[in-house]
J.: 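Below is the structure I would like to discuss, written out as structure tokens.
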There are 2 protein chains.
Amino acid sequence: MPPNSEHARKHLRLAALELFAENGFDQTTTAQIAARAGLTERTFFRHFPDKREVLFEGQEILSAALSDATMRAPAELSPMQTLHLACASVTQLLEDNRPFSEPRQHIIAASPALLEREVAKHAALGRSVAAALQRRGVEPLQATFAAQIGLAVLSHAIALWFADASLPLNDCIERAFAELQMLASPAKSS
Amino acid sequence: MPPNSEHARKHLRLAALELFAENGFDQTTTAQIAARAGLTERTFFRHFPDKREVLFEGQEILSAALSDATMRAPAELSPMQTLHLACASVTQLLEDNRPFSEPRQHIIAASPALLEREVAKHAALGRSVAAALQRRGVEPLQATFAAQIGLAVLSHAIALWFADASLPLNDCIERAFAELQMLASPAKSS
DNA sequence: TTTTTAATGTCAGTGACTGACATATAACAA
DNA sequence: TTGTTATATGTCAGTCACTGACATTAAAAA
């Protein structure tokens, strides 16, 4: 094979993770990351479009999985039922990634710039799911709205899951969708 | 008075708006903005922490209004009733700002970097509202969840409002909250 | 072994952003 | 009026993220 590229990406990601954890995102230069990986700054930018992106790889996998599940759901399901099913279908993916995403969250939470990128990724995920709903015949504005709500529920489920490590993610998802119904129903008090 | 600062800010904002509309965000340098405002690049960065922020002023006003209304709502209201009331209480503010926010949206939508900042502002608004709900006694995770849902409803209401200029924003808000109930209720089909 | 191709290195350059220091201008006091 | 002070701005040098152009290496295939 021609010189392996995955090898370099892996090392760059690892070096970045270490340096961000040690010195913080802002105090770390891309040249330092590249140096620790035994590479040049220029090579860093050949693998990642910008300094932040080194922490956000694999996001497209979740996005694709969620969108696919949304499109493939039985046609008779309502938008929210569709999203419920789609969320349930990506639990395995999220559970596999948990060991990686846990330390990442700490780093991201410590830097406004990284937080900004994180919410941008979340918004992109929302647009992707909304597009999938549209392909099921949902009106554009409705699709965007439903996707936003569905992702808020998923985020809440993940928050519950992070708060209590013993709970399976699937249970958290069930609970989050149940809490959505309670929140949205007009009769319910606090 | 000592040399007026508001004057410079206004001119910088106006110059930026014009240049972004003419040449796009990426093709505009901060030096150009400052030059059109009759100032220096250094002065630009004394008034705005970064190039994007010149488009995002007044956001704190909405954030403060929404948080205040959330905190001041009658104690017996449920979280979602509280947010419904809070949303209704900022319609005037949003309607007054519409002439400014409409052209801004076009510029923002044309630049990924600006879109990223916009969703970051939205997320910050969500954190602020969640904090307000917490001060009403709502549990942290619940508060974050409810705030997310509430802001998604408000966003949807604004989308409806932008889609049909003849509708009053208040009607859009009522409709958006009604649509949330329909979406969330399990019995309903698409 | 030679050729080819993908990955990397080198280097110069742009533009966002910052710190340090100097200057101007308006209000206020003498 | 004149000097003093505080705030806004100018100037300049420097760092760092990011890019284009071109040269170089190393593995794969011919």
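Atom set for the values below is all heavy atoms of this structure, side chains included, hydrogens, waters and symmetry mates excluded.
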J.: Are B:Glu57 and B:Lys10 ion-paired here, with the side-chain N under 4.0 Å from a carboxylate O?
T.: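 No salt bridge links B:Glu57 with B:Lys10.
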J.: With the sugar-phosphate defined as primed atoms, P, OP1 and OP2, and the base as all remaining atoms, what B/S/- string results for nucleotides 16-22 of chain D, 5' to 3', for protein heavy atoms under 4.0 Å?
T.: -SBBBB-
J.: B:Leu12 CG to C:dC17 P: how many Å, rounded?
T.: 14 Å
J.: Using a strict 4.0 Å threshold on nitrogen-to-oxygen distance, state whether B:Arg46 and B:Glu41 make a salt bridge.
T.: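 The answer is no: the pair does not qualify as a salt bridge.
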J.: Kindly confirm or rule out a cation-pi arrangement of A:Lys51 over A:Phe45, judged by NZ or CZ under 6.0 Å from the six-membered ring centre and within 45° of its axis?
T.: no
J.: For B:Phe145 and A:Leu180, work out which heavy atoms get closest and say how close.
T.: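 Residues B:Phe145 and A:Leu180, closest heavy atoms: CE2-N, 3.9 Å.
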J.: From CD1 of B:Ile33 over to C1' of C:dG15, roughly how many Å is that when rounded to an integer?
T.: 12 Å
J.: Could you check how far CD of A:Glu6 sits from P of C:dA6, rounded to whole Å?
T.: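 The distance from CD of A:Glu6 to P of C:dA6 comes to 15 Å, rounded to the nearest Å.
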J.: Might you point out which heavy atoms bring A:His156 and A:Ala176 nearest each other, and give the distance in Å?
T.: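 Scanning both residues, the minimum pair turns out to be ND1-CB, 4.0 Å.
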J.: Tell me, please, whether A:Phe100 has A:Arg13 positioned over its six-membered ring: NZ or CZ under 6.0 Å from the ring centre and within 45 degrees of its axis?
T.: no
J.: Compare side-chain N and O positions of B:His47 against OP1 and OP2 of D:dA8 and report whether any pair is under 4.0 Å apart.
T.: no
